Structure formats: structure tokens, C-alpha cells
*Asks:* 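Structure in C-alpha cells, see below.
Predicted model, so just to flag it, every value in this text is computed and none were measured. In what follows, every heavy atom counts, from backbone to side chain, and hydrogens, waters and symmetry copies are set aside.
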Amino acid sequence: INTLVYQGDKYIPNAVRKAATEPIAELQRYIKPWLAVDEDTYRITLHYKTEIPVDTEAFCEILFVFDDLAMKWREIFEE
């Protein structure tokens with residue numbers, strides 16, 4: 001699973017880079033995603049790799065948590 005959480009305009013500001021390197025434990029209790037910085041496109045994406053659960057409810061929970069984390073990272077990068 002991955003999603004865009006930051007799109008720079010021809011660069012990634014130092015404050016955004018710094019925020020991307022600082023783990024936020026409270027946001028990562030249930031799943032352990034990671035951020036990837038693409039210098040060529042000035043993008044930061046949130047990634048999470050897992051086995052897809054057979055249980056639909058468990059899978060929906062993972063998607064919900066991932067979406068919540070992505071929204072929080074976007075808020076952090078907007079500051």
C-alpha cells in the first residue's frame with residue numbers, strides 16, 4: 001500500500017525533510033509504515049507492506065489506519 005503525502009514545487013524544504021526523518025511513535029502503534037523521498041519528482045510517499053488478511057474486517061482496519069496516518073503526515077508537512 002502506498003500514497004502520496006507530500007508534493008514539492010521543484011524542491012523539498014528542509015523543514016519537510018526534517019519532519020520526514022523524525023518517527024512519530026503515537027502514529028505507528030498498529031502498523032509500521034515508512035516514508036520514501038523521491039528527489040527526482042520532489043515527492044514523499046507513505047508505504048506499508050503486509051500480507052492481505054483473509055478477514056475483510058482486518059483488512060479494512062489496516063486501510064483505515066493507513067489512511068489516518070497518511071492524513072496526519074500531510075498535516076505535518078503542511079505546517
*Asks:* Given the rule that I, L, V, M, F, W and Y join up when any side-chain heavy atoms are under 4.5 Å apart, are W73 and L63 in one cluster?
*Replies:*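 Linked, W73 and L63 end up in one cluster.
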*Asks:* Using atom types as modelled, flag every donor-acceptor pair under 3.5 Å from a side chain in residues 50-59 to any protein atom, sequence neighbours excluded.
*Replies:*
residue : atom : partner : partner atom : Å
D55     : OD1  : E57     : N            : 3.0

*Asks:* Locate the shortest heavy-atom distance separating L46 from P33; write the atom from each residue and the value.
*Replies:*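 Heavy-atom minimum between the residues: CD1-CB, 3.7 Å.
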*Asks:* List for me each residue that meets side-chain hydrogen bond (donor to acceptor under 3.5 Å, both in side chains) alongside Q7, sequence neighbours excluded, and say none if there are none.
*Replies:*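 Applying side-chain hydrogen bond (donor to acceptor under 3.5 Å, both in side chains) to Q7 gives R43.
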*Asks:* Among residues at least two apart in sequence or on other chains, which ones pass side-chain hydrogen bond (donor to acceptor under 3.5 Å, both in side chains) with D38?
*Replies:*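 By the side-chain hydrogen bond (donor to acceptor under 3.5 Å, both in side chains) rule, D38 matches T41.
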*Asks:* The criterion is side-chain contact (heavy atoms from CB on, under 4.5 Å); which residues satisfy it with A15, sequence neighbours excluded?
*Replies:*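 So A15 forms no side-chain contact (heavy atoms from CB on, under 4.5 Å) with any residue.
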*Asks:* Which pair of heavy atoms, one from I44 and one from L4, lies closest together, and at what distance?
*Replies:*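 Heavy atoms of I44 and L4 come nearest at O-CD1, 3.6 Å.
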*Asks:* Any heavy-atom pair between the side chains of L69 and V65 that's under 4.5 Å?
*Replies:*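 Of all side-chain heavy-atom pairs linking L69 with V65, at least one is under 4.5 Å.
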*Asks:* So which atom in A19 and which in I76 form the shortest heavy-atom distance, rounded to 0.1 Å?
*Replies:*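 Result for this residue pair: CB-CG2, 3.9 Å.
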*Asks:* To the nearest 0.5 Å, what is the distance between CD1 on I31 and CZ on F66?
*Replies:*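 So the CD1 of I31 and the CZ of F66 are separated by 6.5 Å.
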*Asks:* Which side-chain hydrogen bond (donor to acceptor under 3.5 Å, both in side chains) pairs, counting each pair once, include a residue from residues 11-25, with sequence neighbours left out?
*Replies:*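 Residue pairs passing side-chain hydrogen bond (donor to acceptor under 3.5 Å, both in side chains), neighbours aside: R17-E39, K18-E22.
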*Asks:* Could you tell me whether the side chain of I62 reaches within less than 4.5 Å of the side chain of Y48, counting heavy atoms only?
*Replies:*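 Touching, per the 4.5 Å side-chain cut-off.
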*Asks:* If I take atom NE2 from residue H47 and atom OG1 from residue T3, how far apart are they, to the nearest 0.5 angstrom?
*Replies:*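 Separation between the atoms: 9.5 Å.
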*Asks:* Could you work out, with ring-ring contact (aromatic ring centres under 6.0 Å, His included) as the rule, every residue matching Y6, not counting sequence neighbours?
*Replies:*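 Counting only residues at least two positions away or on another chain, Y6 forms a ring-ring contact (aromatic ring centres under 6.0 Å, His included) with F77.
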